[in-house]
Amino acid sequence: MMERRMLTEKQIEDFQKNLIEEEKSAVTIEKYMRDVRKFFIYAKGRTIEKELIICYKKELMDKGYAVNSINSVLASLNSLFRFLEWEDCRVKNLKAQRQTYCAEEKELTKAEYLRLLEASRERPRLFLVLQTICSTGIRISELSYFTVESVKRGEIRVSCKNKTRTILIPGKLRKLLLSFVKKSRIFEGYIFRTKNGNPLNRSNVWAEMKKLCAKAKVNSTKVFPHNLRKLFARTFYAVEKDIAKLADILGHSSINTTRIYLMSTGREHRRKIEKLGLVLEVEGDIT
């Protein structure tokens with residue numbers, strides 16, 4: 001009789017160690033572990049087999065999770081099963097037609113970004129965090145690379161996902177950052193730090209940004225660090241029209257990822273469709 005295959009805490013810990021050894025980014029590891037632990041709770045000591053994974057996928061669908069979100073979870077689980085050599089447990093992603101436009105209620109506009117800046121003027125550190133992310137297109141996890149030493153050089157060398165890229169700091173931003181560190185008496189190391197001297201993380205910045213929503217009159221669904229990176233991407237592309245260069249700046253391995261950043265809103269998409277002039281207006285009712 002075949003022994004029951006169970007998922008244990010030890011296996012999950014070993015999987016995490018393997019992700020670290022593969023030099024996955026801290027954000028990626030955090031995301032994978034979150035997905036794996038949610039599945040671990042779902043499994044509740046049951047035998048791990050493909051039928052169980054399929055049921056879990058169906059449950060996520062029934063709960064109304066977006067296709068991309070479900071596929072992201074499955075990618076985490078498939079990675080775990082590959083590590084454990086449980087290849088028979090791996091399941092296929094859901095198929096979905098590529099969306100040609102994004103939800104308007106989630107896309108931050110330049111005007112809204114400027115209102116957030118105005119609302120953050122009395123909070124110098126946050127004021128500069130917003131501008132640093134939005135004017136360079138960095139990931140929130142890459143804020144820690146902004147040190148006194150690197151800003152003085154005028155460029156940031158970022159190592160992420162087994163790649164190293166150089167980020168040039170706009171002259172105006174560099175001037176603002178150097179003024180900030182001087183007034184804050186930060187002589188070396190991280191510029192954006194907590195009271196304990198640790199670098200700001202995603203949750204720190206996210207929480208501070210949410211406090212600006214009411215004052216800036218911006219819907220809270222639009223206000224999170226990654227939307228600043230996407231605004232940089234759309235603004236850069238509108239000027240340069242060079243998606244390959246933009247992909248390099250953002251640190252994307254695939255241009256397809258960059259294309260997602262450049263999707264227009266539903267309103268903008270509809271406006272472009274209407275400009276085609278393929279609908280004939282008539283007076284009165286059509287009989």
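Every heavy atom of this structure was used, including side-chain atoms; hydrogens, water molecules and symmetry mates were not.
Val218 is not listed as a side-chain neighbour of Leu212, based on a closest heavy-atom distance of 4.5 Å or more. You'll find the side chain of Thr257 stays beyond 4.5 Å of the side chain of Leu250, heavy atoms only. Between Phe180 and Ile186 the shortest side-chain heavy-atom distance falls below 4.5 Å. Side-chain contact between Val181 and Phe146: absent, with no pair of heavy atoms (C-beta onward) separated by less than 4.5 Å. Here the side chains of Phe232 and Thr136 are not in contact, with every heavy-atom distance at 4.5 Å or above. Counting heavy atoms from C-beta on, the side chains of Leu74 and Asn71 come closer than 4.5 Å. Proximity of Gln131 to Lys172: side-chain heavy atoms (C-beta onward) are nowhere separated by under 4.5 Å. With a 4.5 Å cut-off on side-chain heavy atoms, Leu231 and Glu112 do not count as touching.
Side-chain atoms of Thr221 and Asn219 form a donor-acceptor pair, as typed in the model, at a separation below 3.5 Å. A side-chain N or O of Thr258 and one of His252 form a donor-acceptor pair less than 3.5 Å apart. Checked by atom type, the side-chain pair Ser72/Lys31 shows a donor-acceptor distance below 3.5 Å.
Closest of all the heavy-atom pairs between Ile48 and Ala43 is CD1-CB, 3.9 Å. Counting all heavy atoms, side chain and backbone alike, Asp35 lies closest to Leu77 at O-CD2, 4.2 Å. Heavy-atom minimum distance, Lys222 versus Asn227: O-ND2, 2.9 Å. Between Ala216 and Arg115, the shortest heavy-atom contact is O-NE, 2.8 Å.
Shown here are the salt bridge (Lys or Arg N to Asp or Glu O under 4.0 Å) partners of Glu87, two or more places apart in sequence or in another chain: Arg90. Taking the salt bridge (Lys or Arg N to Asp or Glu O under 4.0 Å) definition, one finds that Arg185 meets it with nothing, sequence neighbours left out. Arg174 pairs by the side-chain hydrogen bond (donor to acceptor under 3.5 Å, both in side chains) definition with nothing, not counting sequence neighbours. Residues passing the salt bridge (Lys or Arg N to Asp or Glu O under 4.0 Å) test with Asp248, sequence neighbours excluded: none. For Ser150, the side-chain hydrogen bond (donor to acceptor under 3.5 Å, both in side chains) partners are Thr147, not counting sequence neighbours. The salt bridge (Lys or Arg N to Asp or Glu O under 4.0 Å) test applied to Arg153 returns no partner, not counting sequence neighbours. Residues meeting the side-chain hydrogen bond (donor to acceptor under 3.5 Å, both in side chains) test with Arg46, sequence neighbours left out: none. The side-chain hydrogen bond (donor to acceptor under 3.5 Å, both in side chains) search around Thr166 returns none, not counting sequence neighbours.
Judged by distance alone, with hydrogens and angles left aside, the side-chain atoms of Asn204 form a donor-acceptor pair with the main-chain N or O of Asn201 at under 3.5 Å. Under a 3.5 Å cut-off, the side chain of Lys210 and the backbone N or O of Val223 do form a donor-acceptor pair.
Legend: ring-ring contact (aromatic ring centres under 6.0 Å, His included) pairs involving residues 70-89, not counting sequence neighbours, sorted by first then second residue: Phe15-Phe83. Legend: ring-ring contact (aromatic ring centres under 6.0 Å, His included) pairs involving residues 185-221, not counting sequence neighbours: none detected.
Tyr261 and Ile255 fall within the same hydrophobic cluster, where Ile, Leu, Val, Met, Phe, Trp and Tyr residues are linked whenever their side-chain heavy atoms come under 4.5 Å apart, directly or through other members. The same ILVMFWY cluster, assembled from side-chain heavy atoms under 4.5 Å apart, contains both Tyr65 and Val73.
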Name every donor-acceptor pair, under 3.5 Å, that has one atom in a side chain of residues 119-126 and the other anywhere in the protein, sequence neighbours excluded.
from, atom 1, to, atom 2, distance (Å)
Ser120, OG, Leu116, O, 3.3
Ser120, OG, Leu117, O, 2.9
Arg121, NE, Glu118, OE1, 3.1
Arg121, NE, Glu118, OE2, 3.2
Arg121, NH2, Glu118, OE2, 3.3
Arg125, NH1, Arg193, O, 2.7
Arg125, NH2, Glu208, OE2, 2.6

Cut-off 3.5 Å, no hydrogens considered: what does the side-chain donor-acceptor table look like for residues 52-61, sequence neighbours left out?
from, atom 1, to, atom 2, distance (Å)
Lys57, NZ, Lys92, O, 3.0
Lys58, NZ, Asp62, OD2, 3.0
Glu59, OE2, Lys63, NZ, 3.3

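Atoms OG1 and CD, from Thr28 and Glu22 in turn, are 11.0 Å apart once rounded to the nearest 0.5 Å.
Only one option out of Thr8, Leu7, Ile12 pairs with Lys10 in a side-chain contact (heavy atoms from CB on, under 4.5 Å); it is Thr8.
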